[in-house]
Amino acid sequence: MKIVERLAELALLGATREGIDRALFTPEEYAARERFAAWARADGFAVEQDRVGNVFVRLAGTESLPPVQTGSHLDTVKDGGAYDGACGVVGGLEALRLIAARSERPRHPIEVVAWAGEEGSRFPIGTLGSSVYAGITPYAEAAALVADDGAIFADAFAGPSGKLAGVPVRDDFPAPAAYVELHIEQGPVMERSGARLGIVTAIAGQRRYSVRISGTPGHAGTIPMSMRSDALAAAADLILAVEAAGRAHPDSVATVGRLIVEPNQTNIVPGVVSLRIDSRSVEDERIDAMDRAFREAAERIRAARRVRIDLTILESRAAAPMSAALRAAVATVCDALDPGAIALPSGAGHDAMCIAQIAPTAMIFVPSIRGESHVGTERTAPADLELGVEALAASLLAVDRDPALTLA
Ligand code: GLV
Ligand code: MN
Ligand code: MN
C-alpha cells in the first residue's frame, strides 16, 4: 500500500467535520497506533512499546549497534490534518520497507518510532513521548500529568486506550546512533520557492505557559466600572501584550490560543480566566526576552486592574540546531534526488528537537499545499510525499554507512 493510501486510511480514525481529532490515549489515537503496529508486523518488522506509549518498529542490523532512527507522531491537534506527524510515521515505515527490500542489510538496526503525544493537545506538555525517551522529562513527571479532562497520564496509559494490547513493553530502549525525521513543512516557504525537499537548519525553541487571572465576579448591571476587577478585561490586556512581545522581533512568535472564562455568563463580570501562552524563537535569548515582557505586562496589569495573575511555565524547550554533518549528508542525498532542495528553519515543534539533545539529528521537509497545517485541509502532493520517503530511506542508509555521522 502506498503512503498516500495509508495516510488516507489513518485519516478516518478520529475524523471530525472539520478535520481529525486524535488526542493521546483516546480510542481514536489508540486505533492509529494499533494500525501502525499491524502494518509493521505484516511487513515483518519487530514491534515494541515503552511505558509512555512510544511505539518502536525495527529492522535488525548486521552489527550490534544502536539504531539509526526515524519517526514522528500519530496524535493530532483538535480538528487537525492527516499529514502532520502521520507523514513521518507512515513514511518512516515505507522507508523501512524500501531498506528491507534491498539485498544488502544495514549495519545498524533501523527503527521507526511513533512518538506519543507530540501535540500536547490533551496532556499539557508537547513532544511528551520523545521528551521522556530523551531523558528531558523524568518518567515520574510524565506519569503524574493531568489532562484537560482530568485523566492522569499513568492511569490513561494503563487504561483501554493506552498501552497497545499484545505489544511487549520495555523501558530500556537505547539512544539512537542518529535520527532523521520526515515531516511536512506546515508553512508556505517551500511551495513559494518551488522546492520539493527541505533540509531543516534548526527547530525553534518554545515555552508554554499556563496563566490564571483571578478578579472579582459580580453583577454586570450594578457594579460601577470604577469598582471592577474584571478578569477577562485583564486577560485582553495580557493577550495584546503577548502579541506585542511576539511582534517585537521578526524571529519570534507568541500566541494565546486557549482561553477559559468563568463563569462565562453575559450578565456576570468575569471572575476567573485561565489561558495558555505559546512563545517560540530559533534564538533562546528571544524566548527569554518574551518571558520578561510577559512578566512585566502581568505586573502592570495586576496593579492597574486589581487582579491576581499566576503565571506558570508548563514546558520549555531550547531551540534545537540540527547536526551540521548530518544536515550536509541529508542535503547531498536530497540534491541527488531533486536539485532544488532548500535549507530552512522550522517554526513548528517536532520530536526531533528532543532527540537532538541525545543524538545527531536532522529533518527533511516536504511542502504543504498553501502552507496549511493544524487544519483539516492540510495536504501535501502525493508525488512529494513519495519523494520525501525516498529521501528519508536514502538518508538513513547514508547514515548507516558513514560512522562519522553517528555517535561513536
Ligand atoms: C506542534 O505541532 C507544535 O509546533 O506545536
Ligand atoms: Mn508534527
Ligand atoms: Mn502539529
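The analysis underlying the following values was restricted to heavy atoms, covering all of them including side chains, and did not include hydrogens, waters or symmetry mates. One-based numbering, in listed order, for ligands and for the atoms of each. Given the structure is predicted, the values throughout are model-derived calculations rather than measurements.
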Query - Arg105 side chain to Thr62 backbone, donor-acceptor under 3.5 Å - result: no
Report summary line: So side-chain hydrogen bond (donor to acceptor under 3.5 Å, both in side chains) across residues 257-269, not counting sequence neighbours, yields Asp148-Arg258
Query raised in the report: Between Arg58 and Phe45, which heavy-atom pair has the shortest distance, and what is it?
Result: O-CB, 3.6 Å
Report task. Considering heavy atoms of the protein only, find what lies nearest to atom 5 (O) of ligand 1 and give residue, atom and distance to 0.1 Å. Result -> Arg280 NH2, 2.6 Å
Report summary line: Contact region, His350 to ligand 1, non-hydrogen atoms below 4.0 Å, reads neither
Query - side-chain hydrogen bond (donor to acceptor under 3.5 Å, both in side chains) evaluation trace for His73 with Asp351 - result: CA-CA 8 Å; His73 57 99; Asp351 294 298; 5.2 Å; no
Report task. Ignoring hydrogens and angles, state whether a donor on the side chain of Arg317 or Thr127 is under 3.5 Å from an acceptor on the partner side chain. Result -> yes
Query raised in the report: For Val89, which of Trp115, Phe36, Trp39 qualifies under side-chain contact (heavy atoms from CB on, under 4.5 Å)?
Result: Phe36
Report task. Pick out which of Tyr139, Phe173, Phe56 makes a ring-ring contact (aromatic ring centres under 6.0 Å, His included) with Tyr133. Result -> Phe56
Query raised in the report: Which atoms of ligand 1 have any heavy atom of Glu119 under 4.0 Å away?
Result: 1 (C), 2 (O)
Query - Parallel, tilted or perpendicular: rings of Phe123 and Phe25 (30°, 60°) - result: perpendicular
Requested in this report: Say whether Asp278, considering both its backbone and side-chain N or O atoms, lies within less than 3.5 Å of an N or O atom on ligand 1.
Outcome: no
Requested in this report: State the OG1-CG distance between Thr16 and Asp79, to the nearest 0.5 angstrom.
Outcome: 4.0 Å
Query raised in the report: At a 4.0 Å cut-off, with the gap strictly under it, does some heavy atom of Glu118 reach an atom of ligand 1?
Result: yes
Requested in this report: Number the atoms of ligand 1 from 1 as they appear, then name those within less than 4.0 Å of a heavy atom of Ala348, with their elements.
Outcome: 4 (O)
Query raised in the report: Is ligand 1 less than 4.0 angstrom away from at least one heavy atom of Arg208?
Result: yes
Query - Protein-derived N, O or S atoms lying under 2.8 Å from the Mn ion (ligand 3), waters excluded - result: 4
Query raised in the report: Going by atom types only, do Glu185 and Ser368 share a side-chain donor-acceptor pair under 3.5 Å?
Result: no
Query raised in the report: Of the backbone and side-chain N, O or S atoms of His183, does one lie nearer to the Mn ion (ligand 2) than 2.8 Å?
Result: yes
Query - Heteroatom distance test (Gly349, ligand 1): nitrogen or oxygen, under 3.5 angstrom - result: yes
